[in-house]
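The structure appears below as structure tokens.
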Amino acid sequence: MPFLLVLTFIVTIHELGHFLVARAFGVKIDRFSIGFGKTIISRVDRRGTEWRLAWLPLGGYVKFSGDLDASSVPDEAGLAELRQRVIAESGPGAERDYFHFKPIWQRALIVAAGPAANFVLAMALFTVLFSVVGERIVAPRVLNVVEGTPAAAAGFQPRDLIVAVNGRPVIEDADVTRLVVMSAGDPLTFTVERAGGPVTLTATPERRLENDEIAGRVRIARIGLGLGPLVSSDYRFRRLNPIEAAGRGAETIGETVGTTATYIGRIFIGKESGDLLNGPIGIAKAAGGVTRLAVEADPAPAVMARNLALTFLSFAALVSIGIGIVNLLPIPVLDGGHLLFYGYEVVARRPVPARVQEVGYRVGLALLAGLMLFATWNDLQKNGLFTFLGGLA
């Protein structure tokens with residue numbers, strides 16, 4: 001239930017982004033719904049928009065006046081009919097209050113405002129986290145080297161300090177982990193400080209099966225290093241003021257988006273299996289896992305409540321980034337698909353043909369359904385549900 005509430009909050013912010021920009025451009029809006037299904041409460045504001053709370057907390061939606069279908073993809077014949085009806089009912093010029101008759105740049109901004117709202121929310125949450133908690137930086141110092149691994153073959157030694165990977169400077173252990181995880185099968189060149197001088201080592205990350213208490217059973221790229229602080233200078237903690245925290249939040253969002261884009265790209269070129277993609281089951285399990293860790297960290301009620309609040313803020317920020325990224329994918333059902341169509345309209349100086357939009361919408365639905373099925377399949381495998389069901393047979 002907490003996961004559903006977090007998801008509904010994040011999707012509501014997404015839809016609020018669409019809503020606020022649309023209202024700023026004078027678009028007529030029929031409904032803003034939080035949740036789906038049967039209405040619990042509703043009211044109509046002075047502009048004629050119905051604000052609705054529904055019983056199924058799985059997100060929400062904005063319905064612009066004149067939307068011809070759930071995708072907001074216009075059909076030329078339908079738009080012509082809509083234009084005639086609006087003019088007949090309200091007079092010439094009334095059609096300018098409808099989304100599909102707005103200038104293309106306004107439509108594009110309205111569509112982009114949803115994902116943008118997700119990134120703004122994530123930055124606000126990270127700003128709070130970095131301001132309240134601060135930032136912990138652990139240097140990428142080698143604590144141990146696992147025998148029989150690429151790291152051992154490359155010649156890594158305990159106490160080595162990794163300062164660069166493929167010529168890119170690294171500051172903390174998380175930087176090294178992120179680069180290794182995204183480089184399965186690709187040789188990486190590490191520059192390490194050893195006995196006061198630089199040493200160059202090359203290791204190729206290999207996928208191995210791991211049981212993670214949050215992510216479940218996953219295949220993930222590793223080279224066989226344990227990283228962590230050995231001396232006092234390896235560990236730093238700093239509390240950030242709001243401006244610094246906002247900047248660090250923006251950097252975190254950029255790192256997350258970059259890592260996600262890299263991973264998706266590697267899936268398409270066949271270098272990743274997609275094992276790290278999570279569906280609803282995996283995300284819900286992760287929410288439960290981080291909650292459990294926050295509770296177990298300290299049993300004192302006040303500390304536990306603080307840990308839970310901070311954990312959920314961090315989790316919500318990451319989920320918000322994920323929703324923003326997914327919605328920007330160039331799939332016609334999603335915001336990115338609409339932006340793709342608008343890009344064509346700008347270049348060709350005419351809308352995408354209705355038939356192409358219809359086919360694109362159907363293909364988009366199929367792709368989205370396939371992505372969800374694939375992610376759910378991953379969830380079932382990673383969390384051992386197939387093994388459990390097999391035991392019941």
Does [X] share a hydrophobic cluster with [Y], counting links as ILVMFWY side-chain heavy atoms below 4.5 Å and allowing steps through other members?
| X | Y | value |
| --- | --- | --- |
| Val231 | Ile171 | no |
| Val133 | Leu125 | yes |
| Leu227 | Val181 | no |
| Ile10 | Leu53 | yes |
| Val319 | Val120 | no |

Let me see the working for Leu201 and Val192 under side chain to side chain contact (heavy atoms under 4.5 Å, CB included), right down to the final yes or no. CA-CA 8 Å; Leu201 306 170; Val192 304; 4.2 Å; yes
How far apart are the C-alpha atoms of Thr177 and Glu172, what are their side-chain angles, what is the distance that settles it, and do they pass the side chain to side chain contact (heavy atoms under 4.5 Å, CB included) test? CA-CA 9 Å; Thr177 300; Glu172 54 184 322; over 6 Å; no
If you define the side chain from C-beta out and look only at heavy atoms, does anything of [X] sit under 4.5 Å from [Y]?
| X | Y | answer |
| --- | --- | --- |
| Glu147 | Val145 | no |
| His18 | Asp335 | yes |
| Leu334 | Leu328 | no |
| Ile110 | Val27 | yes |
| Trp105 | Leu109 | yes |
| Val62 | Phe64 | yes |
| Pro158 | Asn144 | no |
| Leu225 | Ile162 | yes |

For [X] and [Y], indicate whether the former's side chain and the latter's backbone hold a donor-acceptor pair under 3.5 Å.
| X | Y | result |
| --- | --- | --- |
| Thr262 | Gly258 | yes |
| Thr200 | Thr191 | no |
| Asn327 | Pro115 | no |
| Thr127 | Met123 | yes |
| Gln106 | Pro103 | no |
| Asn166 | Arg168 | no |
| Ser131 | Val128 | no |
| Arg141 | Arg159 | yes |

Pairwise distance [atom1]([X]) to [atom2]([Y]) - rounded to 0.5 angstrom:
| X | Y | atom1 | atom2 | result |
| --- | --- | --- | --- | --- |
| Trp55 | Ile40 | CH2 | CD1 | 9.0 Å |
| Ser314 | Leu129 | OG | CG | 5.5 Å |
| Ile223 | Thr149 | CD1 | OG1 | 7.5 Å |
| Leu240 | Glu135 | CG | CD | 5.5 Å |
| Ile325 | Leu329 | CD1 | CG | 8.5 Å |
| Phe130 | Glu251 | CZ | CD | 8.5 Å |

Evaluate whether atom NZ of Lys28 has more than 12 neighbouring non-hydrogen atoms of other residues, nucleotides or ligands under 6.0 angstrom away. no
Do you know which two heavy atoms are closest between [X] and [Y], and how far apart they sit?
| X | Y | answer |
| --- | --- | --- |
| Pro150 | Glu206 | CG-CD, 3.6 Å |
| Gly249 | Phe126 | CA-CB, 3.7 Å |
| Ala22 | Ile29 | CB-CD1, 4.1 Å |
| Leu161 | Ala139 | CD1-CB, 4.0 Å |
| Thr204 | Pro187 | OG1-CA, 3.5 Å |
| Thr12 | Ile34 | OG1-CG2, 3.8 Å |

Listed partners of [X] passing ring-ring contact (aromatic ring centres under 6.0 Å, His included), at least two apart:
| X | answer |
| --- | --- |
| Phe19 | Phe32, Trp51 |
| Phe190 | Phe156 |
| Phe9 | none |

Val21 vs Phe25, test: side chain to side chain contact (heavy atoms under 4.5 Å, CB included). Steps then yes/no. CA-CA 6 Å; Val21 177; Phe25 289 137; 3.5 Å; yes
Establish, from distance only, whether the side-chain atoms of Arg52 and Ser33 form a donor-acceptor pair under 3.5 Å. yes
Side-chain donor-acceptor pair present, Tyr61, Arg31, cut-off under 3.5 Å: yes
Under 4.0 Å between a Lys/Arg side-chain N and an Asp/Glu carboxylate O for Glu345 and Arg107? yes
Quick one: do Arg43 and Glu50 make a salt bridge, cutoff under 4.0 Å? no
Verdict with supporting geometry, Arg23 and Arg47, side chain to side chain contact (heavy atoms under 4.5 Å, CB included): CA-CA 10 Å; Arg23 178 153 282 188; Arg47 298 191 184 184; 2.9 Å; yes
Evaluate Tyr344 against Arg350 for side-chain hydrogen bond (donor to acceptor under 3.5 Å, both in side chains), listing each step before the verdict. CA-CA 8 Å; Tyr344 173 90; Arg350 60 185 175 86; 3.1 Å; yes
